[in-house]
Amino acid sequence: MPGAGSKALFPKSSTIQVESFDLRETLHSGQVFHWQEDGNGGWIGCLGEQPVWLAQPDAGTLLVSAGSEDAAVCYLGLDQPLSAIHETFPEGDAVLAEAMAYSPGLRILRQPVWECLATFITSSLKQVAHIRRISLLIRSRFGVEHTFQGNRLFAYPGPEALADAGEAALRQCGLGYRAKSLALTAGAVASGRVDLNGLENLDDALAREALMELHGVGEKIANCVLLFGCGRYGAFPIDVWMDRILRSKYLSPAQSRKMNARALQAWAEARFGPYAGYAQQYLFHYARNALNK
DNA sequence: GGTCAGGTTCCGA
DNA sequence: TCGGAACCTGAC
């Protein structure tokens, strides 16, 4: 147990000054499902293959295990121009303003694309606790193990490992019907039939189409991957929570009835602009936590 | 023990 | 094109 008997300590860590950032809220905002608390105010997890420890002892200070500073800044979105992003939001939007005030420290993560894609394929029609359970199980069964300060950690297995594992073994991780989608998608990526690295050469619409060719990937999951993995901040995933808050807070019942999912998607992208995905994250977190009481 | 969940696919109009 | 049903599993 690292730092036993003390708070937020780690043998070798670096201090990074941060502003408008909340580590706990960000790791709990439904973008990622594998970070574990170390019992001393810190978090452990993997950035890709690399085991990392993170802690935020006070609002302006982030501690990162030595050697992972740059990776953590990128992963946590600390290099994103937050105030410039906020300036692109529609003026006079009281709902969005309230959502931003509710959790001003939220950031959009930049996760490894495969890990993000595979995790969201397993998320369909699942509650967060279950997504987390499945994610950790897949890691521990098929991922590379690391021993890190006395903790056992597992990196997310690559597409080859999951393709080799096959549908039946994946099903044993509690995936249900999603096992088929994950196995097929892992096979498509492992064989090179789909090139995730090539996504960065495509514009948002084409990248989304390419992702949606994969089995088990519809518009919502494709948008999650673009936003949380590819740094496409205009992507706007609409799940049941977003559907609820958009319809109840922005549209009259009559307007809402006239809008199907596709129309709502277009409306939201137009309303919230080039950083719509950031607006989405504030609204989503707010809808799930503040409005769900 | 029943209900329902952070979606996608498939099928019939 | 569009709406509705089916799909595995586990948390509540």
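Throughout, a chain's letter reflects where its sequence line sits, starting with A, and its residues are numbered from 1.
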Undergrad: Please give the distance between the P atoms of dC4(B) and dA5(C) as a whole number of Å.
TA: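 Looking at atom P only, dC4(B) and dA5(C) are 14 Å apart.
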Undergrad: Can you give me the closest heavy-atom contact between E49(A) and P51(A), atom names plus distance?
TA: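 Closest heavy-atom pair between E49(A) and P51(A): O-CD, 3.4 Å.
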Undergrad: According to salt bridge (charged side-chain N to carboxylate O under 4.0 Å, His left out), does anything in residues 158-177 of chain A pair up with another residue at least two apart or in another chain? List the pairs.
TA: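 Output for this query lists E167(A)-R171(A).
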Undergrad: When clusters are formed from ILVMFWY side-chain contacts under 4.5 Å, directly or step by step, what else is grouped with V18(A)?
TA: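 Grouped by the 4.5 Å side-chain rule, I16(A), F21(A), L23(A), L27(A), V32(A), W35(A), W43(A), L47(A), V52(A), L54(A), L62(A), V64(A), V73(A), Y75(A), L76(A), L78(A), L109(A) form the rest of the cluster around V18(A).
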Undergrad: Taking atom P in both dG1(B) and dC8(C), compute the distance separating them and give it to the nearest angstrom.
TA: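 These two P atoms come out 23 Å apart once rounded.
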Undergrad: Does any pair with a residue in residues 99-128 of chain A pass salt bridge (charged side-chain N to carboxylate O under 4.0 Å, His left out), and if so which ones, sequence neighbours excluded?
TA: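 Every salt bridge (charged side-chain N to carboxylate O under 4.0 Å, His left out) pair that includes a residue of residues 99-128 of chain A, provided the two are not neighbours, is E115(A)-R139(A).
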Undergrad: Same cluster for L137(A) and L117(A) if Ile/Leu/Val/Met/Phe/Trp/Tyr side chains link at under 4.5 Å?
TA: no
Undergrad: For DNA chain C, what residues of residues 166-190 of chain A have any heavy atom nearer than 4.0 Å?
TA: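 Those residues whose heavy atoms fall under 4.0 Å from DNA chain C, taken from residues 166-190 of chain A in numerical order, are R171(A), G174(A), G176(A), Y177(A), R178(A).
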Undergrad: For DNA chain B, what string of dots and brackets results from 5' to 3' when Watson-Crick and G-U pairs need both distances under 3.5 Å, crossing pairs get [ ], and pairs with another strand get |?
TA: .||||.|||||||
Undergrad: With ring-ring contact (aromatic ring centres under 6.0 Å, His included) as the rule and sequence neighbours excluded, what pairs involving residues 245-271 of chain A come up?
TA: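 Output for this query lists Y250(A)-W267(A), Y250(A)-F272(A).
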Undergrad: Excluding sequence neighbours, so at least two apart, what forms ring-ring contact (aromatic ring centres under 6.0 Å, His included) with F154(A)?
TA: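 For F154(A) there are no ring-ring contact (aromatic ring centres under 6.0 Å, His included) partners, ignoring immediate neighbours.
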Undergrad: Going 5' to 3' along DNA chain B, which are the first and last nucleotides with any atom under 4.0 Å from a heavy atom of chain A?
TA: dA5(B) to dT9(B)
Undergrad: For I138(A) and L175(A), which heavy atoms make the closest approach, and how far apart are they?
TA: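 Here I138(A) and L175(A) meet closest at CD1-CD1, 3.9 Å.
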Undergrad: ring-ring contact (aromatic ring centres under 6.0 Å, His included) between F33(A) and Y156(A): does it pass, once the steps are laid out?
TA: CA-CA 11 Å; F33(A) 304 93; Y156(A) 199 89; over 10 Å; no
Undergrad: If I compare all heavy atoms of L227(A) with all of A235(A), which pair ends up nearest, and what's the gap?
TA: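 Looking at all heavy atoms of both residues, the shortest contact is CD2-O, 3.8 Å.
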Undergrad: Strictly by ring-ring contact (aromatic ring centres under 6.0 Å, His included), give each pair with a member in residues 165-224 of chain A just once, sequence neighbours left out.
TA: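 Residue pairs passing ring-ring contact (aromatic ring centres under 6.0 Å, His included), neighbours aside: none found.
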Undergrad: Round to a whole Å and report the spacing from CG of L264(A) to P of dG3(C).
TA: 13 Å
Undergrad: Give G30(A) one of three labels, base, sugar-phosphate or nothing, depending on what nucleic acid heavy atoms sit under 4.0 Å from its own.
TA: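 Here G30(A) touches the bases of the nucleic acid.
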Undergrad: Nearest-nucleotide wise, let me know which of F33(A) and G216(A) is further upstream toward the 5' end of DNA chain B.
TA: F33(A)
Undergrad: Is it true that D239(A) and K220(A) have a side-chain N and a carboxylate O under 4.0 angstrom from each other?
TA: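 So D239(A) does not pair with K220(A) through a salt bridge.
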Undergrad: Salt bridge check, R193(A) against E213(A): does any charged N sit closer than 4.0 Å to a carboxylate O?
TA: no
Undergrad: Quick one, which residues of residues 125-139 of chain A touch DNA chain C with a heavy atom under 4.0 Å?
TA: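 Residues of residues 125-139 of chain A under 4.0 Å from DNA chain C: L125(A), K126(A), Q127(A), H130(A), R133(A).
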Undergrad: Considering residues at least two apart in sequence or located in another chain, which fulfil the ring-ring contact (aromatic ring centres under 6.0 Å, His included) criterion with F89(A)?
TA: H86(A)
Undergrad: Return the residues of residues 224-258 of chain A meeting this criterion: a heavy atom under 4.0 Å from some atom of DNA chain C. Order them by number, or give none.
TA: none
Undergrad: Just verifying a value: how many Å separate T88(A) OG1 and Y233(A) OH, rounded to the nearest 0.5 Å?
TA: 12.5 Å
Undergrad: On DNA chain B, nearest-nucleotide positions of M212(A) versus F284(A): which is more 5'?
TA: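 Mapping each residue to its closest nucleotide by heavy atoms, the 5'-most match is F284(A).
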Undergrad: Which heavy atom in L63(A) sits nearest to a heavy atom in S13(A), and how many Å separate them?
TA: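 In this case the closest contact between L63(A) and S13(A) is CB-OG, 4.4 Å.
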